[in-house]
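Note sheet for the following structure.
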Amino acid sequence: MDKQILVVDDDPDILDALQFVLESENYYVKTTPKGEDAENLRTNLPALILLDVLLSGKDGRVICQKLKNRKETKHIPIIMISAHPSAKQSIKKVGADDFLAKPFHVETLLKTIRKYL
Amino acid sequence: MKARKSLKEQTEDALFYFAAIVESSEDAIISKKLDGTIASWNKAAEEMYGYTAAEAIGQSIKMIIPQELQPEEDEILNKLKHGIRIEHFETTRLRKDGKKLIVSLSISPVKDQEGNIIGAAKIARNITEQKKTEEREQFLEQASLILGKSIDYATTLKNIAKVIIPYLADYCRIVLLDDHKAIKEIAIHHKDISKRPLVAELYKAYKDRSKTTHGLGKLLQKGKTEIIPEITPQILESIKDSPDILNLIKQLELVSYMGVPIKIGTKVVGAITFSSTQKDRIYTNADVVFAEKLARRAAYAVENARLYAQSQQSLRLRDEFISVASHELRTPITSLKMYTQGLKKQLEKRGEETMVFYLGKMDNQIDKLTVLISDLLNVSRVQFGKLEFHEESFVLEDIVQDTVDNIRPTVKKHRIIIKGDGRKKVKGDQYRIGQVLTNLITNAIKYSPDSDKIIITLLPQQDGMLVTVEDFGIGIEKRHRSKLFDRFYRVSETSEKTFPGLGIGLYISQEIIKRHGGKITVNSEKGKGSQFSFFLPYSH
């Protein structure tokens, strides 16, 4: 069975590219530019979430913290991504499992995902 | 043939000449008896002190000595009696009209024919103006120092107001015009703080009076210096239609006034007004000249501050632009990189070797672009001191390993060997140290195209860890070494293959290490290789 990955990023180009890469690796990919879609996850939970740090209008770290504080979602591994490499320091506090700085190597991305799936 | 003059005649002649010299001297020449009674008083003394010879002779010398300096005179008389020499000195004397003078005095004893001291001759030179000029020069120097101290001209002009009071005025006002010609109040000052509200009220009362003959409105409008040496009853009479102003001026006891514009070229940018409440401070042309000098210096300060703010603003805009641009560039590069690598992986599976080879080249080019963009962003941040630092303690070995892991996929033939013991925790910003390591390692690879290894050594020392990145490449000539860390510096040798780059990697790295309290050092031998080292303190 293909594992489902939810990708949250406000840039549609990044979503497209990530979808292409992850689908090539046989993951089942759902993408959304809206932070709310991740924040309100209740059913059909993904196996892993790739979450941008700075979403338009929403802070990805706040979403991460909420998901990690909820019983139903706290087991889902969250990898945060950002074009600001220095964001790495702020994501541990919100319970994120890992961090990738954009632009990243596809191999690094896949390796990181495999660590959790 | 004329008969030779008798000795008596000669003596009389000499006395006549002496008297003429004394009378025509510009210095006051006075003689006094040992009890302090004035015995002679020349013309210059009359002018200087305001007493005629008839008024002065027979009186005590103490009449021209201010009360607080009377003991000084007693001491002088005492010294004279004992034949002690009195060195030339400066002191204050009092005129008949109550004004004070600064004089330079020489006192010598007068002896009778037997050699007994019977009195003293005093030569006094009025150095009040000279002193004032000296003081003004000092004042201007002090003002210039204050003005040059900061580019925050509002604060510096406020400080100027503080030195104007009480030296040059009893109350003063400094205003500047903003870009829309609106008056910006910079300082209102009175030597008596309790009267400051009165001054403010006075200026407020003047605000709507465009008809006034003097004052700020006129100053700013005409850009010409103005002076009212004495506020006469007639002047007060002429403003009786404005009882509020009249009342305030009376309460403030205004005696004399002058105002100077602050001009840059011909443009009026502000003004300073000086008001005196002291009877013996009547503004003169010399004061006006001086006030204008001060205003000119204030103008320089304002102009410098404006130019500085302007240049800072354009630098800030450029910085913001670079910051936004490099962030915007990162996004398409991220997706470009993912497509390229995703494609490469797919083609690998299908065994399309040629395509995979060229996609690999594409990927390398994208990496170069990525480095250039982040350098661009960093250099503007470093320059503005905006590089953020998050100090924490971390295991150096981990960050070295992470960095090497990140670089490895892009390295073709070089082996990166980590040596030594880096388990002890150090203090610093993990991410920035990673940046430095990345820079040093990629440089090492770039400048050793014919070698196949890079050695990173972690050497524990007493207070911290020494990190060395060593390559076996082309090396760096001595003359380039000191400039290596300058911004935009690149080693260029016509005889050599050139290496691409913006020349800012080492500059940024050096700045980062400096922020950690250290320094990057370099050891190198041309043709043998280079070693770059930096030190990080342990966290305790």
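Letters A, B, ... are given to chains in the order of the sequence lines, protein chains preceding strands, and every chain is numbered from 1.
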Which region of [X], side chain (C-beta onward) or backbone (N, CA, C, O), has a non-hydrogen atom less than 4.5 Å from a non-hydrogen atom of chain A, or is it both or neither?
| X | value |
| --- | --- |
| Lys344(B) | neither |
| Glu392(B) | side chain |
| Thr370(B) | side chain |
| Asp367(B) | side chain |
| Ile373(B) | neither |

Counting only heavy atoms closer than 4.5 Å, note whether [X] contacts chain B via side chain, backbone, both or neither.
| X | result |
| --- | --- |
| Leu110(A) | side chain |
| Asp13(A) | both |
| Asp16(A) | both |

Answer yes or no: are there more than 12 heavy-atom neighbours, outside Lys427(B) itself, under 6.0 Å from its atom NZ?
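No, NZ of Lys427(B) has 12 or fewer neighbouring heavy atoms, counting only those of other groups under 6.0 Å.
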Around atom NZ of Lys413(B), are there more than 12 heavy atoms from other residues, nucleotides or ligands closer than 6.0 Å?
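Yes, NZ of Lys413(B) has more than 12 neighbouring heavy atoms, counting only those of other groups under 6.0 Å.
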Centre of Tyr27(A)'s six-membered ring, under 6.0 Å away, within 45 degrees of the axis: is that where NZ or CZ of Lys3(A) sits?
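No.
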Mind telling me whether Phe532(B) and Phe485(B) have parallel, tilted or perpendicular rings, with 30° and 60° as the class edges?
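Because their plane-to-plane angle is over 60°, the rings of Phe485(B) and Phe532(B) count as perpendicular.
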Say whether Gln430(B) and Asp402(B), considering side chains only, have a donor N or O and an acceptor N or O under 3.5 Å apart.
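There is no such pair between these side chains.
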Do Asn439(B) and Ser509(B) have side-chain N/O donor and acceptor atoms under 3.5 Å apart?
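Distance-only check passes for Asn439(B) and Ser509(B).
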